[in-house]
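Below: one structure, written as structure tokens.
The basis for the numbers below is simple: all heavy atoms, side chains too, and nothing from hydrogens, waters or symmetry mates. Note that this is a predicted model, so its numbers are computed, not measured. The residues of the chain are indexed from 1 along the displayed sequence.
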Amino acid sequence: MASSANRGLLSIGAFFVILVVSIVLGAFVVGWLTVPPMIIALCGCWMLVLGGMQTSSPQKYGRSAFSLFGWGLLFIALGSAWFLYGFGWIYSLAVVLLVLGALAIAAAFRRK
């Protein structure tokens with residue numbers, strides 16, 4: 001079981017890895033304008049991983065796994081929408097609305 005301090009240190013390490021991957025991909029593959037949305041989307045992926053870790057060992061006063069999962073999806077949607085804005089604002093709107101709809105459906109099924 002990872003304690004809160006270990007998860008914090010793990011998250012700092014993951015953030016540095018995300019920065020390096022985004023900068024390298026931005027410099028050599030996709031272009032510098034895609035670095036900020038890539039950082040946001042990859043941080044959302046890391047939040048999904050943290051949500052999975054939270055399900056196996058929940059903390060008493062910590063966020064729930066569903067909350068971390070929801071925030072992770074929102075970060076991924078924000079990064080994707082920012083990236084897709086270059087192709088047209090309608091695609092960005094579609095991604096954000098799709099994720100909000102999926103979260104609303106998941107929250108409705110979660111209610112007991």
Side-chain angles (χ1 to χ4, degrees):
M1 288 193 319
S3 69
S4 175
N6 288 341
R7 286 184 187 172
L9 187 59
L10 192 61
S11 292
I12 290 171
F15 182 71
F16 285 137
V17 169
I18 288 169
L19 279 178
V20 168
V21 167
S22 298
I23 289 171
V24 168
L25 285 177
F28 298 112
V29 179
V30 291
W32 287 108
L33 292 177
T34 61
V35 171
M38 196 177 338
I39 290 172
I40 293 172
L42 289 174
C43 283
C45 292
W46 177 246
M47 290 182 82
L48 293 179
V49 170
L50 286 176
M53 289 170 53
Q54 188 73 2
T55 58
S56 65
S57 61
Q59 297 175 346
K60 186 172 182 178
Y61 297 110
R63 283 199 177 272
S64 69
F66 183 77
S67 172
L68 285 171
F69 181 74
W71 277 107
L73 282 181
L74 288 175
F75 271 50
I76 292 170
L78 179 66
S80 301
W82 189 354
F83 176 76
L84 290 174
Y85 188 74
F87 298 104
W89 64 270
I90 195 74
Y91 298 116
S92 299
L93 180 65
V95 166
V96 170
L97 291 177
L98 178 71
V99 169
L100 288 176
L103 282 175
I105 291 170
F109 280 128
R110 188 171 180 262
R111 301 259 181 217
K112 294 178 181 166

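Taking both residues in full, the closest heavy atoms of Leu84 and Ser92 are given as C-OG, 3.6 Å, listed atom of the first, atom of the second, then distance. When every heavy atom of Ile39 is checked against every heavy atom of Ser22, the shortest pair comes out as CG1-OG, 3.4 Å. What you find for Leu48 and Leu73 is that their closest heavy atoms are CD2-N, 4.2 Å. When every heavy atom of Met53 is checked against every heavy atom of Arg7, the shortest pair comes out as O-NH2, 3.3 Å. The two residues Gly79 and Pro37 make their nearest non-hydrogen contact at O-CB, 3.3 Å. Contact record, Cys43 with Phe15: SG-CD1, 3.8 Å, taken as the closest heavy-atom pair.
Grouping the Ile, Leu, Val, Met, Phe, Trp and Tyr side chains by contacts below 4.5 angstrom, directly or via other members, places Ile18 with Leu50. Taken together through direct or relayed side-chain contacts under 4.5 Å among Ile, Leu, Val, Met, Phe, Trp and Tyr, Leu42 and Tyr85 form parts of separate hydrophobic clusters. In the hydrophobic clustering of ILVMFWY residues, with side-chain heavy atoms under 4.5 Å counting as a link, Trp89 and Ile40 come out apart. Cluster membership for Val49 and Val99, using ILVMFWY side-chain heavy atoms within less than 4.5 angstrom, is shared. By the rule that hydrophobic residues join a cluster once side-chain heavy atoms approach within less than 4.5 Å of another member, Val30 and Leu19 end up as members of one cluster.
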side-chain contact (heavy atoms from CB on, under 4.5 Å) evaluation trace for Leu100 with Leu74: CA-CA 8 Å; Leu100 288 176; Leu74 288 175; 3.9 Å; yes
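Atom CD1 of residue Ile23 and atom CH2 of residue Trp32 lie 6.0 Å apart, to the nearest 0.5 angstrom. From Ile76, atom CD1 reaches atom CH2 of Trp71 across 13.5 Å, with rounding to the nearest 0.5 Å.
Annotation: Trp46, atom CH2; neighbour count of heavy atoms from other residues, nucleotides and ligands within 6.0 Å is above 12. Dense packing is recorded around CZ of Phe66, with more than 12 heavy atoms of other residues, nucleotides or ligands lying under 6.0 Å away. Surrounding CG of Leu97 are more than 12 heavy atoms belonging to other residues, nucleotides or ligands, all under 6.0 Å away.
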